[in-house]
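Side chains are part of it too, since the values below use all heavy atoms of this structure and drop only hydrogens, waters and symmetry mates.
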Amino acid sequence: MEFHLQHIFVFLTIMAVTSHAALSPEQYWKTVLPSTPMPGIVKHLLHPDFMDEKSTSVIVGGKGVGVDAEKTEHKGNPIYVAKFPFFFPYNNVAAAPENQLPDPNATVFFLKKDMYPGKTMNLHFPEILNVVTFLPRRIANSIPFSSNKLPKIYNQFSIKQGSMEAEIMKKTIRDCEDPGIKGEVKYCATSVESMIDFSTNILGKNVQTISTDVNQIQLQKYTITTGAKKIGSDKMVTCHMMSYTYAVFYCHTTQNTTVYRVSLEGADGTKTQVAAVCHSDTSAWDPKHLAFQLLKVKPGTVSICHFLPQDHLAWVPK
């Protein structure tokens, strides 16, 4: 009897895995997270019209924290290039190209004590351009994502070795392969399904997602209208969209980090709610991190906050 039960268990496990593999990303989300609404950034990147093999548009870092579309001779799939990732605590951004540093007129980082009703900030929330899409996991898993497979990757996406596009993709893969900072668990998700699995393996399935979704993307003055509301606990997973030819998110655990929901009103009357993240312990950050340069503070001395861009996503327990 025990022998048969073991075989039945194996059969049911195989059937469950096969069934999940056949689900679309949307169906997989609803199956694993039935009580968690899918955030706007994920819906946006699942739109099928965003993948256009004939596109010649490549997104490159523009002035300020925005991005500009530039026509190139590239004939393969389009590449999304994220804003300079100055939110990443392990990045040394001292040598960042001038055209990828944040707009000096915009607030990028701020102190936790400044997050109070009536506080005004100049903010810019760049839109997510319709450039790339999430691939279903079965397709993403069939495509190599490794530094030692770069020639094959370039060939698969019609990318010329040594081109701007090739260097962008190489850097993203290397960032994903680099070890994280002390105490960090990291993973680059190449599909919605793998992002769900990584986040729920760490936090459990009773989770909520926090993101920023605004209609007004131009730089303007915003006023905090109500007190910041803490969401979940200090245990969280944050996912940042990376520069690549399809949607790839750098997901990692963060320690001593809290996410808040903040209500804002723009100078044009626009009212919105955005996600803010505050890091209470910055002692392990690179001393040349952009936050310290802008706020004129030293590592580990104060709690540093920033609003989540629209291509970032935070996962927290309910």
Take the angle between the ring planes of [X] and [Y] and call it parallel below 30°, perpendicular above 60°, tilted in between.
X      : Y      : answer
His240 : Tyr250 : tilted
Phe157 : Tyr246 : tilted
Phe307 : Phe110 : tilted

Without swapping roles, check the side chain of [X] against the backbone of [Y] for a donor-acceptor pair under 3.5 Å.
X      : Y      : value
Lys230 : Arg261 : no
Ser199 : Met195 : yes
Thr172 : Ser243 : yes
Trp29  : Thr36  : yes
Thr257 : His279 : no
Ser142 : Ile139 : yes
Gln27  : Ser24  : yes
Thr212 : Gln310 : no
Ser163 : Ala166 : yes

Are Val274 and Phe125 close enough that some pair of their side-chain heavy atoms sits under 4.5 Å apart?
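Val274 vs Phe125: side chains touch.
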Run the disulfide (SG to SG under 2.5 Å) check on Cys188 and Cys176 step by step: do they pass?
CA-CA 6 Å; Cys188 277; Cys176 289; 1.9 Å; yes
Establish, from distance only, whether the side-chain atoms of [X] and [Y] form a donor-acceptor pair under 3.5 Å.
X      : Y      : answer
Asn122 : Gln220 : no
Glu184 : Thr253 : no
Lys318 : Ser35  : yes
Glu177 : Ser147 : yes
Lys170 : Tyr154 : no

Should the pair Asp178-Arg174 be classified as a salt bridge under the 4.0 Å nitrogen-to-oxygen rule?
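Result for this pair is no, no salt bridge flagged.
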Would you mind checking if Arg137 and Asp197 are paired as a salt bridge, meaning a charged N to carboxylate O distance below 4.0 Å?
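Salt bridge between Asp197 and Arg137, a charged N being under 4.0 Å from a carboxylate O: yes.
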Between Ala189 and Cys251, which heavy-atom pair has the shortest distance, and what is it?
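What the structure gives for the nearest pair is CB-SG, 4.4 Å.
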Which heavy atom of Leu45 sits nearest a heavy atom of Ala247, and at what distance?
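Leu45 and Ala247 have their closest heavy atoms at CD1-CB, 4.3 Å.
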Strictly by disulfide (SG to SG under 2.5 Å), give each pair with a member in residues 263-314 just once, sequence neighbours left out.
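Those involving residues 263-314 are Cys278-Cys305.
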Given side chain to side chain contact (heavy atoms under 4.5 Å, CB included), test Leu264 with Gln273 step by step and report yes or no.
CA-CA 6 Å; Leu264 300 175; Gln273 287 192 331; over 6 Å; no
Audit row: Thr238, His252, side chain to side chain contact (heavy atoms under 4.5 Å, CB included) steps and yes/no
CA-CA 6 Å; Thr238 308; His252 61 125; 4.1 Å; yes
Crowding at NZ, Lys229 (>12 non-hydrogen neighbours, <6.0 Å)
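Check fails, neighbour count at 12 or below.
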Contacts of type side-chain contact (heavy atoms from CB on, under 4.5 Å), residue Lys271, not counting sequence neighbours
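Listed in chain order: Glu265.
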Tell me, with the steps shown, if His306 and Val277 meet side chain to side chain contact (heavy atoms under 4.5 Å, CB included).
CA-CA 6 Å; His306 60 80; Val277 173; 4.1 Å; yes
Suppose the criterion is salt bridge (charged side-chain N to carboxylate O under 4.0 Å, His left out): which pairs have a residue in residues 291-301, not counting sequence neighbours?
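As it turns out, there is no salt bridge (charged side-chain N to carboxylate O under 4.0 Å, His left out) pair with a partner in residues 291-301 once direct neighbours are skipped.
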Is the distance between the ring centroids of Phe292 and Phe109 less than 6.0 Å?
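So the answer is no for these two rings.
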Thr209/Leu33 under side chain to side chain contact (heavy atoms under 4.5 Å, CB included): CA gap, chis, key distance, verdict
CA-CA 11 Å; Thr209 59; Leu33 303 170; 5.9 Å; no
